[in-house]
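Structure first, commentary second.
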There are 2 protein chains.
Amino acid sequence: MKQKITLKHIARELEVSISTVSKALKNSEEISRDTKEKVQAFAKLYNYKPNNIAISLKNKRTKNIGVIIPDIVHHFFTTVFRGIEKYADSHGYNVIVCVSDESFDKEVINMEMLANGSIDGFIMALSAETQLKNDFNHLKEVTEQGIPLVLFDRITDEIECDKVVIDDKEAAYQAVTKLINNGRKRIALITTESYLNVSEKRAEGYFEALKDNGLAIDESLVLRLPYQYEDEQKSGKFFESKEIDAVLCVNEIFAIRCMRHAIKKGLKIPEDISFIGFTDGILSKFANPRLTSVAQHGERMGEIAAQMLIEKVESEEENETYRTEILKSTLIERESTIN
Amino acid sequence: MKQKITLKHIARELEVSISTVSKALKNSEEISRDTKEKVQAFAKLYNYKPNNIAISLKNKRTKNIGVIIPDIVHHFFTTVFRGIEKYADSHGYNVIVCVSDESFDKEVINMEMLANGSIDGFIMALSAETQLKNDFNHLKEVTEQGIPLVLFDRITDEIECDKVVIDDKEAAYQAVTKLINNGRKRIALITTESYLNVSEKRAEGYFEALKDNGLAIDESLVLRLPYQYEDEQKSGKFFESKEIDAVLCVNEIFAIRCMRHAIKKGLKIPEDISFIGFTDGILSKFANPRLTSVAQHGERMGEIAAQMLIEKVESEEENETYRTEILKSTLIERESTIN
DNA sequence: TTGTACGCGTTATCAT
DNA sequence: ATGATAACGCGTACAA
């Protein structure tokens with residue numbers, strides 16, 4: 001096992017001082033051609049690479065980004081993560097991922113862990129529990145320490161920092177308007193229990209579109225399911241008992257499940273009933289029928305978040321201005337709606 | 001902005017030496033009750049937390065694990081990653097993820113980057129290009145430096161290290177046997193171009209099962225598609241032209257696509273034609289009909305990989321014995337096969 | 001009981 | 001042209 005070589009080793013071997021070696025490797029003008037060549041040759045031979053940790057300690061810069069997300073086995077977050085990783089990688093940053101698992105405590109612990117020097121800044125989406133508790137002290141602490149923070153998707157107004165979201169309300173509004181223009185009258189909304197701000201925004205858009213188009217709001221057409229919804233009972237009954245001709249679902253899985261219920265009931269998609277989902281992931285593309293879906297452009301979102309963060313990290317002055325980037329979403333039309 | 005506080009700050013403020021502070025915070029017997037209380041109170045007040053980087057430098061241990069995977073937007077890898085993250089987190093380790101994007105160069109660069117002190121060990125699945133080139137010098141370098149390495153799923157025999165795989169060959173063998181027992185005679189294999197060792201293993205199992213059950217091997221029933229297969233042409237023609245009563249696909253997406261072709265051709269699933277896929281992900285569960293699939297237990301795989309790695313990282317002696325853990329897969333039967 | 005000195009690996013500043 | 005020294009933040013063996 002050949003040990004990692006350090007400046008000290010080279011210095012000792014070549015009988016020069018450590019600082020000479022350091023300078024020689026940086027091609028400093030101060031050092032003679034001879035020495036430089038000797039040192040550089042030796043370094044190459046033994047494949048010298050400076051130790052990142054030592055450099056981090058010296059520079060007080062780790063070139064690491066901390067990413068905290070509720071769940072990694074979730075198409076949208078995964079997509080965002082890919083955008084972050086890509087941008088970070090191409091700018092010389094590494095990414096440390098922690099999964100909060102929708103738990104407040106884990107989120108806090110992970111943040112504290114990373115905040116002690118391991119990273120230069122955070123990118124995160126809040127856990128469901130955090131949004132429910134409405135407790136953001138851990139975020140406040142971090143920003144007060146001057147650690148840059150970028151929130152995406154699951155954000156809060158309580159914290160001042162850069163943010164990236166999609167226009168959830170607008171997207172839902174457009175989707176519902178589309179359904180109405182296709183002649184749909186009884187449009188259901190399948191959403192999550194209400195503490196997730198994204199679901200809230202989508203519901204707002206749904207209601208507003210109905211109102212603006214002169215359709216009555218019928219609360220009995222709104223079904224709220226637990227976030228991790230496994231049981232088929234509740235949604236099954238809903239479809240059996242209601243007369244519906246279109247459905248907006250706040251995620252793909254709800255949509256796929258509901259399409260099944262509709263088919264089982266003997267309805268034809270999209271003739272008798274149309275479906276639109278959120279998160280244009282793999283399920284939408286491969287569902288049968290293929291699902292019309294609101295694409296959230298997660299990868300782009302990740303890139304923007306990473307860019308915002310790295311900008312803040314690398315800016316010298318303490319920049320106290322924050323912006324919220326709102327990404328436009330796109331409705332991808334497929335077989336589950338009439339064109 | 002309140003700056004992160006260090007031992008030095010506390011020492012200066014309390015007019016004691018740095019080492020006194022350090023010891024006091026560790027509740028050392030050497031320090032008087034008085035001083036300890038004073039220091040600890042002050043530390044708590046200002047929320048002192050030791051700097052991870054400094055500790056890493058001192059201990060030559062980062063408590064970071066480097067994970068390099070070909071793709072993160074891929075259900076199987078994501079699942080494995082979750083297992084790694086979970087185990088790592090519960091053992092006080094952080095995870096740095098790099099995505100090789102199936103590129104040899106990126107894999108090499110990322111490894112070199114992390115190998116210079118940023119991590120205590122690697123967990124990785126080889127990129128397609130690396131397997132194609134058959135060049136593993138970057139892995140060799142790392143292991144020679146004494147950095148522990150665990151390979152999973154996409155592995156190679158060229159490198160001595162711990163490994164975790166599933167019994168791909170056996171799984172395919174079982175799946176095909178199952179189809180045969182259900183009375184299927186003309187069983188197709190849809191696989192990737194041949195340099196991925198997992199696909200190879202699955203193909204072996206397929207052939208062996210046919211042979212052991214006295215069925216002729218018909219190479220024209222084997223379709224090899226590019227790994228990132230987008231175009232529908234080739235597989236479409238295949239289904240139009242062949243008489244097939246069952247299909248084994250090496251991944252979910254191939255299976256879903258092929259089911260569409262079959263349905264389009266007017267075949268009934270599973271009556272006329274059965275389907276079995278690999279990677280029991282979200283698509284299998286929600287496909288219509290639901291897809292019978294080989295579950296690879298990615299999360300368990302990740303846990304085991306992390307456990308193997310951390311064991312090696314934390315073991316004092318240079319342990320030169322490596323093991324290869326072979327995980328049993330499970331066939332999850334759903335609507336696409338007869339029970 | 002407290003403090004000094006050193007080392008982890010690197011770089012920057014200031015001598016020589 | 002080269003080297004000594006200090007500093008990043010921490011921990012610890014040793015000295016006082």
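Labels below follow one simple rule: chain letters A, B, ... track the order of the sequence lines, proteins then strands, and each chain is numbered from 1. Just so you know, these numbers come straight off a predicted model, no measurement behind them.
- Taking every heavy atom of residues 6-14 of chain A and every atom of DNA chain C, pairs under 4.0 Å involve Thr6(A), Leu7(A), Lys8(A), by number.
- By the side chain to side chain donor-acceptor pair (under 3.5 Å) test, Glu129(A) pairs with no residue at all, sequence neighbours left out.
- In the helix from dT1(C)-dA16(D) to dT16(C)-dA1(D), the terminal helix axes, each the rotation mapping four pairs' C1' atoms onto the next four within five end pairs, subtend 70°, rounded to 10°.
- Listed by chain and residue number, Lys23(B) satisfy the side chain to side chain donor-acceptor pair (under 3.5 Å) test with Glu30(B) (two or more places apart in sequence, or in another chain).
- Comparing Asn59(A) and Val16(B) along DNA chain C, the residue whose closest nucleotide (by nearest heavy atom) sits nearer the 5' end is Val16(B).
- Taken residue by residue, residues 18-38 of chain A places heavy atoms nearer than 4.0 Å to DNA chain C at Ile18(A), Ser19(A), Ser22(A), Lys23(A), Lys26(A).
- Sorted by first and then second residue, the pairs that involve residues 6-22 of chain A and meet side chain to side chain donor-acceptor pair (under 3.5 Å), not counting sequence neighbours, are Thr6(A)-His9(A), Ser17(A)-Ser19(A), Ser17(A)-Thr20(A).
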>> Using the rule given for side chain to side chain contact (heavy atoms under 4.5 Å, CB included), can you reason through Glu311(A) versus Asp162(A), listing the C-alpha separation, both sets of side-chain angles and the distance that settles it, and then say yes or no?
In response: CA-CA 11 Å; Glu311(A) 236 165 56; Asp162(A) 286 331; over 6 Å; no
Distance-only criterion, 3.5 Å: show the donor-acceptor pairs between side-chain atoms of residues 63-71 of chain A and protein atoms not counting sequence neighbours.
residue  : atom : partner  : partner atom : Å
Asp71(A) : OD1  : Val73(A) : N            : 3.0

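- Using a 4.0 Å cutoff on non-hydrogen atoms, the parts of residues 50-57 of chain B near DNA chain D are Pro50(B), Asn51(B), Ala54(B), Ile55(B), ordered by number.
- In summary, the aromatic rings of Phe77(A) and Phe81(A) are positioned with their centroids too far apart to meet the 6.0 Å limit.
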>> side chain to side chain contact (heavy atoms under 4.5 Å, CB included), that's the test. Do Val150(B) and Ile304(B) meet it? Break it down for me.
In response: CA-CA 10 Å; Val150(B) 176; Ile304(B) 293 176; over 6 Å; no
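- Residue-level contact check: Lys58(B) touches the bases, meaning some heavy atom is under 4.0 Å from a base atom.
- Within the structure, side chain to side chain donor-acceptor pair (under 3.5 Å) pairs that include any residue of residues 142-151 of chain B do not occur (at least two apart or interchain).
- With respect to Arg300(A) and Glu303(A), a salt bridge is recorded, a charged nitrogen being found less than 4.0 Å from a carboxylate O.
- Using a distance-only test at 3.5 Å, with no hydrogens or angles considered, no donor-acceptor pair links the side chain of Asn197(B) to the main chain of Thr156(B).
- In this structure Phe76(A) satisfies the ring-ring contact (aromatic ring centres under 6.0 Å, His included) test with no other residue, sequence neighbours excluded.
- Other residues, nucleotides and ligands contribute at most 12 non-hydrogen atoms within 6.0 Å of the CG atom of Asp157(A).
- Heavy-atom contacts from other residues, nucleotides or ligands closer than 6.0 Å to OH of Tyr46(A) number 12 or fewer.
- Each ring pair (Phe, Tyr, Trp, His ring centres under 6.0 Å) pair with one or both residues in residues 49-73 of chain B, not counting sequence neighbours, would appear here, but there are none.
- Of all nucleotides in DNA chain D, those with any atom nearer than 4.0 Å to a heavy atom of chain B start and finish, going 5' to 3', at dC8(D) to dC14(D).
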